[in-house]
Amino acid sequence: MAGLANVFGYGAMTNHQNDIRNSRSIMIIGMNPAENHPISMQHILTAKETNRAVIISVDPRFTKTSAFANKYVRIRSGTDVAFIYGLINIILAKGWEDKQFIQERTYAFEEFKGEIAKYDPQTVSDITGVPTAELEWVAKAMADNRPGTVIWAMGGTQHSHGTGIVRTFCHLQMVLGNMGKPGGGTDVFRGHDSIQGVTDIGGGPETLPGYYGIGETAWKHWAKVWDVPYEWLLSRFKNKAMMEKPGFTVARWYEGVLLDSKQLGQDVNVKAVMFWGHSTNAMQQMDRVKKALEKVELIVDVDPYVTNTAVLPDRKDGIYLLPAASNYEQWNSSVNTNRDNQYRQRVVSPVWEARTDIAIMVDLAERFGFRKQFTHNMKGGWRGIPADVKNVKEFSQQTMDDVLREINTGALSIGYAGATPERLKRQQEWAHVFDIKTKKAVGGPVDGESWGLPWPCWTDKHPGTPILYRNDIPVSDGGCGFRASWGPKAPDGRNLMAAEGSAPPGGPNTGYPAQKDYATDLTLGAIKQALAEGRSPYGNGRARFNSWNIPDPLPLHREPIHSPRPDLIVKWPTYDDVKEHYRVPQPYKSMQKPDWVKKYPIILTTGRVVEFEGGAAGERNSPWLVELNPEMYVEMHPKVAHDHGLRHGDMCWIETPEDMDAKPSRIKVKIKVTKRVGPDTVFLPIHWGGVFEGKSLAHKFPDGTVPYTIGESANTVTTYGYDRLTQMQETKTTLCRIVKA
Ligand SMILES: Nc1nc2c(c(=O)[nH]1)N[C@H]1C(S)=C(S)[C@@H](COP(=O)(O)OP(=O)(O)OC[C@H]3O[C@@H](n4cnc5c(=O)[nH]c(N)nc54)[C@H](O)[C@@H]3O)O[C@H]1N2
Ligand SMILES: Nc1nc2c(c(=O)[nH]1)N[C@H]1C(S)=C(S)[C@@H](COP(=O)(O)OP(=O)(O)OC[C@H]3O[C@@H](n4cnc5c(=O)[nH]c(N)nc54)[C@H](O)[C@@H]3O)O[C@H]1N2
Ligand SMILES: [Mo]
């Protein structure tokens, strides 16, 4: 549909975590689930035990996950495209590709092959640091053990060419014919609670809920759902052009404060910032964020805890902390990484002065003068509410149902209509009849339903789609083709519809376009007609090797902006500078300095540990977690420590190159000597805050709120670099030097 945003792959898992039990090979690349997804890790370990699945861990660090793998591959951070292309190069040379899958279900394989030819094992080994024998071992293991899955998280995405990286992960699975099969697919283990749900309901600045984009068709669709006039929505913006222009992203909003307004994609600077369940120590170039927080007129932080945001800026006023209720104090429905909906009960009413997020939102809408429009679809819960919403701490459970119903009504593009509150509640009561391996119910009123009614769940009779792109089962049972988002033919005239003989059974046995109006017909008539004819409402198209409408239509290796290899920068440079992306300039080549490595010779990467979450305001206030991991540190190889005259437990400065601020950044941290990292790389955990460039900020916390542990933030020293498409921060690769403290 024309209004839909250019989202590649819709950022969701194709399969589900339980389905990994069906995999015969599992490549975990850029992810450490033993620490970061310990529950899901159980499915991986089950596959290893019961299915003899081969586990491959590809990571610059030997992680707790690597310890469970059959094969650990140490890769230089930021070189995954080359690594995957090296595998595909070997697979094609041996003739191990799935020719039928490629012919029937993909587009532009020929030119893709041309690109792959540049990545012979020798070249790849030089770029990645992976020996050719290991490349061959991994290629053979993936080819011999099908179906296999490829799983990643932030090691794949936090790069200036992260979109290219994750696309190559998908391409490997297309070449192996692993897509659309139990035990196969590409599985992205997502981050926060309901981050999938947030993406689905328009958390990004370029789309309304359901990936409709922000063009006129999209606004008109949602105006209908919200039952407010389109003209009223339009009147809230300066003009139509601004209404349809993507906003700032969370990664770079602060440039809207710092840069001259002439450099911005809008007339005025940003004057106020509201943090809502997010902390500043998560943000790359945090030293630059600090400057913005000192300049902006108003800061509001809505959080159950006092976060780094409250203490980072040097200012005396203009910071408001609004105590939010925690998830135990609010009813909510959420969507997890499997695209499963979860219906959650509140445990207690908000305690002390805390209010639920929705109570704070409605209060704000009241004060801004649009409470009526904002709460239009809140039918049930509204009745029990006092006239003065400024004193409401929480709404009834009914309100949560109303919110979900609004999503059911509007997010038709991805098939949210069938995940109703009633069905989710019924599933909770019948949880015992769902099978752990397939997630399918056997018996009871939920018979045949998939747990969590994963989207697309087209109608309230549809069972949900736990595995995307299966064309071996009917659409009514959770089958579907590849989304036919790009019309019947590519701009080059080639066919984009699946081949004859390749379609979910029960409908036309060939490719076909999307059902007209399926995403905007609120009566569901269009969706139901497609289903009645055995067709997937969004069509049966081909998966693209060549995405002609985004940068790097065929992904290619690009050196990180802060690359340790000047010779490779010449051959594989970063992108050309971009004048405006999400309202800010986004330079590339002018930021990539080949001689940095002389002064900053060591790769710096960052990530997580099991005890803490994100900015960790909550966990660092928890004595038993702090006891397990009391202090900020840097992981350093024994050789690096020795070369710098340093020992385990010593303090050192980590310093990174000057970029936007024309001054180097530095943090003072304790050294953990370990061979987890190689001698070319150091690792910083991301979870600390409350110390800045060697100075404690403890005195700036409101009385009684200093966490049990404070420490330097890794992001004080992370540097400039953002994904060309998504603007994800390049927090997995930069350069640093180590100085004895
Ligand atoms: N305990 C805990 N669990 C969490 C979180 C938490 O903070 N704490 N956060 C949640 C969130 S929001 C998210 S997004 C997920 C993230 O989950 P993960 O992605 O697993 O988290 P990270 O530790 O950031 O990064 C994973 C690995 O990527 C590796 N890596 C770095 N650079 C590269 C590279 O170029 N290539 C490859 N192949 N690997 C690389 C790192 O060494 C690291 O081991 O975890 C979620 N779960
Ligand atoms: N260097 C580096 N930086 C990174 C990363 C990295 O790997 N390396 N990873 C990035 C990634 S993937 C992510 S997701 C971010 C994470 O960064 P953040 O989003 O900042 O992470 P959290 O600390 O999990 O933020 C959640 C905040 O929400 C609050 N909270 C909890 N429950 C509720 C609630 O019900 N309501 C409200 N209002 N608040 C609540 C918590 O107290 C906490 O302060 O960090 C990013 N930054
Ligand atoms: Mo995340």
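Whatever order the structure lists them in is the order used to number ligands and atoms, beginning at 1. Sequence positions, counted from 1, serve as the residue numbers for this chain.
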| Sub-3.5 Å donor-acceptor pair from the side chain of T186 to the main-chain atoms of V150, do we have one? | no
| request: Check each heavy atom of I686 against ligand 1 and say whether those closer than 4.0 Å belong to the side chain, the backbone, both or neither. | output: neither
| Do the side chains of Q330 and D357 get nearer than 4.5 Å, heavy atoms only? | yes
| task | Look at atom 41 (C) of ligand 2 and say which protein heavy atom is nearest, naming residue and atom and giving the distance to 0.1 Å. | result | D303 OD1, 3.4 Å
| said: Heavy atoms only, cut-off 4.0 Å: how does F189 contact ligand 1, side chain, backbone, both, or neither? | reply: neither
| note | Checking heavy atoms under 4.0 Å, the part of M154 that sits near ligand 2 is side chain
| task | List the closest protein heavy-atom neighbour of atom 7 (O) of ligand 1: residue, atom name, distance to the nearest 0.1 Å. | result | G614 N, 2.8 Å
| query | Does N715 approach ligand 2 within less than 4.0 angstrom via side chain, backbone, both or neither, non-hydrogen atoms only? | reply | side chain
| Does ligand 1 have an atom under 4.0 Å from some heavy atom of H687? | yes
| said: Tell me the protein heavy atom at minimum distance from atom 38 (N) of ligand 2, and give that distance in Å. | reply: D357 OD1, 2.8 Å
| task | Verify whether one side chain among T716 and S713 offers a donor that lies under 3.5 Å from an acceptor in the other. | result | no
| task | Answer with yes or no whether G191 contacts ligand 2, where contact means a heavy atom under 4.0 Å from a ligand atom. | result | no
| task | May I ask whether Q330 places a heavy atom under 4.0 Å from ligand 2? | result | yes
| said: Would you call the rings of Y119 and Y85 parallel, tilted or perpendicular, taking 30° and 60° as the class edges? | reply: perpendicular
| request: Tell me, please: is A325 in heavy-atom contact with ligand 2, that is, under 4.0 Å? | output: yes
| With under 30° as parallel and over 60° as perpendicular, where do the rings of H161 and H159 fit, or are they tilted in between? | perpendicular
| query | When you look at D659 and Q285, which way does the side-chain contact (heavy atoms from CB on, under 4.5 Å) test go after all the steps? | reply | CA-CA 10 Å; D659 34 35; Q285 297 188 282; 3.7 Å; yes
| query | Looking only at N/O atoms, are H278 and ligand 2 under 3.5 Å apart anywhere? | reply | yes
| message | What protein heavy atom lies closest to atom 2 (C) of ligand 1? Include the residue and the distance to one decimal. | response | F612 O, 3.3 Å
| field | Identity and separation of the nearest protein heavy atom to atom 25 (O) of ligand 2 | value | G277 O, 3.6 Å
| task | May I ask you to say whether K393 pairs ionically with E353, meaning some side-chain N is under 4.0 Å from a carboxylate O? | result | no
| query | Which option out of Q285, R608, R355 puts a heavy atom nearest to atom 11 (C) of ligand 2? | reply | R608
| request: Please verify whether a non-hydrogen atom of A714 lies at under 4.0 Å from ligand 2. | output: no
| query | So is K732 close enough to ligand 2, meaning a heavy atom under 4.0 angstrom away? | reply | yes
| field | Nearest neighbour in protein (non-hydrogen) for atom 47 (N) of ligand 2 | value | A282 O, 2.5 Å
| field | Nearest-neighbour protein heavy atom for atom 23 (O) of ligand 2, which is reported as residue plus atom name and distance | value | G615 N, 2.7 Å
| request: Only one of E559, H557, R558 passes side chain to side chain contact (heavy atoms under 4.5 Å, CB included) with L568; say which it is. | output: E559
| N70 side chain to V54 backbone, donor-acceptor under 3.5 Å | no
| field | Protein contact of atom 32 (N) of ligand 1 - nearest heavy atom, named by residue and atom, plus distance | value | S77 OG, 3.1 Å
| remark: Closest to atom 45 (O) of ligand 1 (heavy atoms only, candidates N36, V610, D193) is N36
| message | Suppose we measure from atom 30 (N) of ligand 2 to each protein heavy atom; which comes out shortest, and what is that distance? | response | P304 CD, 3.5 Å
| query | With a 4.0 Å heavy-atom cut-off (strictly under), which part of A324 contacts ligand 2: side chain, backbone, both or neither? | reply | side chain
| Nearest non-hydrogen protein atom, atom 24 (O) of ligand 2 | H192 NE2, 2.7 Å
| field | Ring geometry between W688 and Y633 (parallel below 30°, tilted from 30 to 60°, perpendicular above 60°) | value | perpendicular
| query | Any idea which protein heavy atom is nearest atom 6 (C) of ligand 2, and the distance to it? | reply | Q158 OE1, 3.3 Å
